[in-house]
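Notes for the one structure printed next.
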There are 2 protein chains.
Amino acid sequence: MPAATLGKLELAALLAVARLDDEAYGLAVRAHLAGVTGRDYSVGAVYTTLQRLEDKGLLRSHASEPLPVRGGRSRRHFSVTAAGARAFREAERTAAALWAGVGSFTKPRLA
Amino acid sequence: MPAATLGKLELAALLAVARLDDEAYGLAVRAHLAGVTGRDYSVGAVYTTLQRLEDKGLLRSHASEPLPVRGGRSRRHFSVTAAGARAFREAERTAAALWAGVGSFTKPRLA
DNA sequence: CTTATTTGTTCTACAGAATAGTACTTATGC
DNA sequence: GCATAAGTACTATTCTGTAGAACAAATAAG
């Protein structure tokens, strides 16, 4: 199976992990998503999505050592797998095709 | 309600209608989607989506006169409403923000 | 040391979107 | 009238989106 296509939040989360790189853990991803999409996803929404991506083999995770700061408990760090990178590029191609030609389409013809 | 965000197929269908303009009816949209996304959506998938968009007020439709060709029955033509155009632009902004900075990200760091 | 506070993650549920498949309708062509 | 083509509508099932509360672990406070 060609991994079917990613959902929108899934894709956004995948990109977030890729970008955050070493800092890619649950709450950080959530914060990043808030910045990028302009909306506030619930904690559950984010973790569920990350979990699904890992189940699909697009992400992998490992627990970090606790940090010596207040509330500094162990984090679950995510990273993109090879399959994840592929899915990512495919999504990129599709998105490009989708939006191609509509660049100057800021004023669609209304009925 | 801020119209919630559009699903991926919904967005693709909205764009298809906008582009096809006068030729935006069920099967044509379906064909366009196939070209753009590279995958074959079932007939049902397309109509269900278009219907949803109309229910949300992002599209409107009207029946055309039957064409004098074999099988040329009346088509249901769709067009983008003002609300649809707004949704469209908002999706465009979000997509831009999402992909911004990942342009040269064709080779994500793997774990 | 006992409690409060902070950061982080897991669990449980449900609504909505994606998607397929089949049936139904209306034209034309013989 | 009957076969065929082009379209659309209906029904059902799975997957994704999304929220909210519960749970865990670490340090700061008193």
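Side-chain atoms are counted along with the backbone in the values below, which use heavy atoms only and exclude waters and symmetry mates.
- Taking A/Glu23 as the reference, nothing meets the side-chain hydrogen bond (donor to acceptor under 3.5 Å, both in side chains) condition, with sequence neighbours excluded.
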Decide yes or no on salt bridge (Lys or Arg N to Asp or Glu O under 4.0 Å) for A/Arg73 and A/Glu65, but give the supporting numbers first. CA-CA 8 Å; A/Arg73 61 170 292 198; A/Glu65 287 303 301; over 6 Å; no

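- Residues forming a side-chain hydrogen bond (donor to acceptor under 3.5 Å, both in side chains) with B/Thr48 (at least two apart in sequence, or on another chain): none.
- When the side-chain contact (heavy atoms from CB on, under 4.5 Å) test is applied to A/Asp55, the partners found at least two apart in sequence or on another chain are A/Gln51.
- Judged as a salt bridge (charged side-chain N to carboxylate O under 4.0 Å, His left out), and not counting sequence neighbours, the contacts of A/Glu10 are A/Lys56.
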What does the list of N/O pairs under 3.5 Å between the protein and nucleotides 12-20 of chain D look like, with a distance for each?
unit_1, atom_1, unit_2, atom_2, d
D/dT16, OP1, A/Lys56, NZ, 2.9
D/dG17, OP1, A/Lys8, N, 2.6
D/dG17, OP1, A/Leu9, N, 2.9
D/dG17, N7, A/Arg52, NH1, 2.7
D/dG17, N7, A/Arg52, NH2, 3.3
D/dG17, O6, A/Arg52, NH2, 3.2
D/dT18, OP1, A/Arg39, NH1, 2.8
D/dA19, OP2, A/Ser42, N, 2.8
D/dA19, OP2, A/Ser42, OG, 3.3
D/dA19, N7, A/Ser42, OG, 3.2
D/dA19, N7, A/Ala45, N, 3.4

Using the 3.5 Å cut-off, write out each protein N or O paired with an N or O of nucleotides 25-30 of chain D and the distance between them.
none

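- A search for side-chain hydrogen bond (donor to acceptor under 3.5 Å, both in side chains) contacts involving B/Thr94 returns nothing, not counting sequence neighbours.
- Here the P atom of nucleotide C/dG8 and the CD atom of A/Gln51 are 19 Å apart, to the nearest Å.
- Rounded to whole Å, the distance from OH on B/Tyr25 to P on D/dA9 is 14 Å.
- Partners of B/His77 under the ring-ring contact (aromatic ring centres under 6.0 Å, His included) rule, at least two apart in sequence or in another chain, are B/Tyr25, B/His62.
- The CD atom of B/Glu54 sits 15 Å away from the P atom of C/dA17 (whole-angstrom rounding).
- Residues forming a salt bridge (charged side-chain N to carboxylate O under 4.0 Å, His left out) with A/Arg52 (at least two apart in sequence, or on another chain): none.
- The side chain of B/Arg75 places no N or O atom within less than 4.0 Å of a non-bridging phosphate oxygen (OP1 or OP2) of C/dT26.
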